[in-house]
Amino acid sequence: MSVLLSIVYLIATVTFVVGLNKLGHPETAKNGNLIAAGGMGLAIVGTIFLHDLQVPTIIYVLIGLAILVGSILGYIIAIKVEMTKMPELVSLFNGFGGASAMLIGLVEFSKNADNTMQATTIVSGIIIGAITFSGSLIAWGKLNGSLKSVVKIPQYNSINNLFFLGVIVLAVYMIATGVHNPFLLYGLLAGGLIYGILFVLPIGGADMPVVISLLNSLTGIAAAITGVLYNNMVMLVGGILVGSAGIILTIVMCKAMNRTLASVIFGSFTVNNAAEGVNKALGTIKSTTASDTAIMMNYASNVIIVPGYGLAVAQAQHVIHELEQLLVKKGVNVKYAIHPVAGRMPGHMNVLLAESNVDYDLLIEMEDINPQFNNADVVLVVGANDVVNPAAHNDPSSPIYGMPILDVENAKHIVVNKRSMNAGYAGIENELFYNSKTSMLFGDAKAALTALVSELKNM
Amino acid sequence: MDLLITFIENNINIIYILILSTFVGIEVIKSIPAVLHTPLMSGANALSGVVIVGAILVMLHANPEDYLALTLGFLAVVLGILNVVGGFAVTHRMLQMFKKKK
C-alpha cells in the first residue's frame, strides 16, 4: 500500500469520527454528515487509484460502471422516498451493505482462506453479512406492510438457537479443517441467510426499530471484519465505530421503551390474561366533534399536541402545522410533546414535523414537557396510544408498566384523535380514553384535523 | 493456547485499534438527544457502507478471466455504493428539514 493511500485512509477515518460526533448535535448535524460523506468519497477514490497493482483497464471500467449504477440508484431512492417510510429505507440500505460484505467473503474464501486467521475473518464476514442481508430485508418487508404474519411456533426460540448453533459448528469445521469445498461454502451462506429470516420474522412491529439498529450495528461489524482481512484501517475503524455506536443506540432505544434487548429478540409482549377482565370496569367513552374541539381550543391559552404514528400514517404532519399556526395566530400558546419513541423510531416524529416546517423550538422532549401538562388547557393526542397510557404508571401487571410516558392526564381537557377503539401496538387497553376529562375525536387524523382547521377558521 | 499467543503477537495493532475505536464509538453516541436518533442511525448506516472499499479491492485483485469473482465483486460494489450514496443522501435530506425558523 502506498504511503499516500495510507494518509488518505487516515484522513477518511478522522472524518468518520468527527462526522459522527457532529451528527450528535442539532446545529452541526448537517455538516457532520457532509464531512463523513466527503471522507467516504476520498477513501473510495483513493482505493481505486492509489495502489501499486497492475490492473487491466476493463476492471476500471467495471468498477466505474458499478459505482455509477449504484450511485444513481441510491440517490434516486433517497430523494424519492417519503419521510414516513424512513425506517424501512434505512433497513433496506443496511441490507445492501450486509450483502456487499457477504459477497466479498464469498470471493475471498476461494482465493485467500489460507491460514486460520484469514479463514476465520472470511467465514464470519459471510455469516454476519448474510444475516444482516436477509434480516434487513425481512425488517423492510414487515415495516412496509408486505409481510404481516408474526410466526408463533412453540419452542420457536429453541429451534432458532439450535439452527444458529448448527451454522456456527459448520463454520468452525470449515475453519479448523481448512477445506475449500464450495458445497460447504454455499451451505454456510444459506445457513446465514435462513437464520437472518428466522431471527427477524417473529419480532413484532413495535420492536422493529430496535432490530434495525441492531442489524445496522452488525453491518458495521461485518465491515470491520473485512477490514481485518485486508488489513485495511479505514474499514476497520469505520466498521467498529458503526458497530459500537449501533449497539449503544439499540440500548438507548430499548430503554426508552422499557424493554430489554433480550425481551425484544426472544419474546414479543406476553398477552396478559389478568388484565382482560378489567376492560368493562374502565368506564364510558365520551365522543366529541370537530366543532366542539375547535371551540375548546379557541378559548384555551395553552395547548399541547401529542403526535403519534397515526399522524404519520395519515400523512397529517402538514395539517397539524396549519392547525398550530392558526392557534398561534389566535394567541394560543402551542407546543408539541415528543415521546422518545413517537413514530416508528426514536426521532422519527421530529423528522416528520420538521418536514412540514414546524419550528424546531416547539418540539419539546418528554422530560421537559411533562411538568407543563398541569398548565395545559387542552391536550390534543393525535394517533398516539401506548406513549400516553397511564397503565405504565399504575398497573404493575401491564406489559408496558414502567415505560416512561407523557403525563397527559394532568391536563384540564384531553382530546384524543383515533381511528377506532383498537388497542395500540402493545395491544393493551388505555384507561386514558375512559378518563372523565377525555373526549374522543374519532376519524382519520388528516380528515379530523382538516375539519378542526376549517372550524377554527370560521371562528 | 500457543495459537492465541501468536495471534495476539501478530495482531496487536489491530487489537489496539479495535478496542479504542469501540470506546470512541460509544462515547460519541452516548449523550445524543432522541431528536437525532433517526438521522444518526441513517448516518451510521451510510458509514457501514465503508465495506465498499473491500468490494473495490476484490475487483482490483480479480483476474479478468475469473468471471465469478468479477460478477460477485461487481454486485458487491453496486450494493456497497448504494448503501453509501443512498445513506448519506437520505440523512442529508432529513437534516435539511431541521432548519431553525427565524
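Chain naming here is simple, since letters A, B, ... match the order of the sequence lines and numbering starts at 1 in each. Because the structure is predicted, anything quoted here is derived from the model rather than measured. FYI, side chains are in, hydrogens and waters are out, and symmetry mates aren't considered; it's all heavy atoms of this structure.
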If you look at every heavy atom in [X] and [Y], which pair is closest and at what distance?
X      : Y      : value
A/S244 : B/G25  : OG-CA, 3.2 Å
B/A55  : A/I104 : N-CD1, 3.3 Å
A/I59  : B/A62  : CD1-O, 3.8 Å
B/I81  : A/A66  : CG2-O, 4.0 Å
A/V242 : B/A44  : CG2-O, 3.3 Å
A/V234 : B/V50  : O-CG2, 3.9 Å

Test item: [X] and [Y] side chains (from C-beta on) under 4.5 Å apart, heavy atoms:
X      : Y      : result
B/I52  : A/S100 : no
B/V28  : A/L241 : no
B/R93  : A/M83  : yes
A/I67  : B/V77  : yes
A/L106 : B/L68  : no
A/L236 : B/S21  : no

Counting heavy-atom pairs under 4.5 Å to chain A, which of [options] comes out on top?
options                    : value
B/L70, B/V24, B/L57, B/D66 : B/L57
B/I26, B/I29, B/T38        : B/T38
B/V78, B/L40, B/L47        : B/L47
B/V51, B/V85, B/L75        : B/V51
B/A89, B/P64, B/G54        : B/G54
B/V84, B/L36, B/L72        : B/L36

What part of [X] lies closer than 4.5 angstrom to a heavy atom of chain B: side chain, backbone, both or neither?
X      : result
A/K22  : neither
A/L20  : both
A/M235 : both
A/L23  : both
A/P56  : side chain
A/H25  : backbone
A/L34  : side chain
A/V252 : side chain
A/E355 : both
A/T226 : side chain

Hey, could you give me the [atom1]/[atom2] distance between [X] and [Y], rounded to the nearest 0.5 Å?
X      : Y      : atom1 : atom2 : value
B/I56  : A/I48  : CD1   : CD1   : 4.0 Å
A/K111 : B/N63  : NZ    : CG    : 8.0 Å
B/H37  : A/L249 : NE2   : CG    : 5.0 Å
A/N94  : B/S42  : CG    : OG    : 10.5 Å
A/H348 : B/M94  : NE2   : CE    : 8.0 Å
A/F96  : B/N83  : CZ    : CG    : 8.5 Å

What residue in [options] has the most heavy-atom pairs under 4.5 Å with chain B?
options                       : answer
A/I79, A/N21, A/T13           : A/I79
A/G95, A/P26, A/G32, A/G39    : A/P26
A/G19, A/A223, A/S217, A/G98  : A/A223
A/L53, A/L73, A/L92           : A/L53
A/L215, A/V351, A/L353, A/V55 : A/V351

| query | For B/A46, is it the side chain, the backbone, both or neither that has a heavy atom under 4.5 Å from a heavy atom of chain A? | reply |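 Looking at B/A46, just its backbone touches chain A.
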| said: If I measure from the heavy atoms of chain A, does B/V53 come under 4.5 Å with its side chain, its backbone, both, or neither? | reply: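 Backbone plus side chain of B/V53, per the 4.5 Å heavy-atom cut-off to chain A.
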| query | Passes side chain to side chain contact (heavy atoms under 4.5 Å, CB included), A/L65 versus B/F74? Steps please. | reply | CA-CA 9 Å; A/L65 195 66; B/F74 185 85; 4.1 Å; yes
Just by modelled atom types, is the [Y] backbone N or O under 3.5 Å from a matching donor or acceptor in the [X] side chain?
X      : Y      : value
B/S48  : A/G220 : no
A/N216 : B/M41  : yes
B/N45  : A/S91  : no

| message | Go through it in stages, so that I can follow the logic: the residues are B/L60 and A/I63, the test is side chain to side chain contact (heavy atoms under 4.5 Å, CB included), and I'd like the CA-CA distance, side-chain angles, deciding distance and then a yes or no. | response | CA-CA 9 Å; B/L60 290 175; A/I63 295 177; 3.8 Å; yes
| message | Are more than 12 heavy atoms, taken from residues, nucleotides or ligands other than A/Y60, located less than 6.0 Å from that residue's OH atom? | response |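 Buried by this count: over 12 neighbours within 6.0 Å.
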| request: Tell me, with the steps shown, if B/L79 and A/L103 meet side chain to side chain contact (heavy atoms under 4.5 Å, CB included). | output: CA-CA 10 Å; B/L79 292 170; A/L103 293 173; 3.9 Å; yes
| query | What parts of residues 12-20 of chain B touch chain A if we use heavy atoms and a cut-off under 4.5 Å? | reply |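 Against chain A, the residues of residues 12-20 of chain B that fall inside the cut-off (heavy atoms, under 4.5 Å) are B/I14, B/I17, B/L18.
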